[in-house]
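Working notes for the structure below.
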Amino acid sequence: MKNKGYWILLGFLFIVFGLTSIVLQLIGVGWWFLQFLELGGRLLAFVFKILMVLAGVLIVVFAHTDWDRERMDSSGE
């Protein structure tokens, strides 16, 4: 996969900012660059933050997957 390191970094950033923003939301503060999520309400912001964490996990998993090996395993070679 091209630019594997960048994809992994992006995934981890999504995970870190998503989890920390959820924790910060519990105490009543938040990241200034994620304040636009609060415009739709606290529940919608919470759902988007959960989705951001899940997207980060998926990005990291897909970046670590060796697609050539998966193709060889699925073809039975």
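Worth knowing before you read on, the calculation uses all heavy atoms, side chains too, and leaves out hydrogens, waters and symmetry mates.
Under the 4.5 Å side-chain heavy-atom criterion for Ile, Leu, Val, Met, Phe, Trp and Tyr, Y6 and V60 are members of distinct hydrophobic clusters. Linking Ile, Leu, Val, Met, Phe, Trp and Tyr whenever their side-chain heavy atoms come within less than 4.5 Å leaves L26 and V47 in two separate clusters. Note on L24 and V16: separate hydrophobic clusters, where clusters join Ile, Leu, Val, Met, Phe, Trp and Tyr whose side-chain heavy atoms are under 4.5 Å apart, directly or indirectly. V23 and L43 end up in different hydrophobic clusters when Ile, Leu, Val, Met, Phe, Trp and Tyr side chains are linked at under 4.5 Å.
Not counting sequence neighbours, the partners of L10 by the side chain to side chain contact (heavy atoms under 4.5 Å, CB included) test are W7, F14, I59. Residues satisfying the side chain to side chain contact (heavy atoms under 4.5 Å, CB included) criterion with V57, sequence neighbours excluded, are I15, V61. Judged as a ring pair (Phe, Tyr, Trp, His ring centres under 6.0 Å), and not counting sequence neighbours, the contacts of F33 are F17, W31.
Annotation: the span from L44 atom CG to L37 atom CG amounts to 7.5 Å, rounded to 0.5 Å. L34 contributes atom CG, which lies 8.0 Å from atom OG1 of T20 (distance to the nearest 0.5 angstrom). Distance check, rounded to the nearest 0.5 Å: OG1 of T65 to NZ of K4 gives 8.5 Å.
The two residues I50 and I22 make their nearest non-hydrogen contact at CD1-CD1, 3.6 Å. Shortest non-hydrogen contact noted between E38 and A45 is OE2-CB, 3.6 Å. Of all the heavy atoms in S21 and K49, the pair that sits closest is OG-CD, 3.3 Å.
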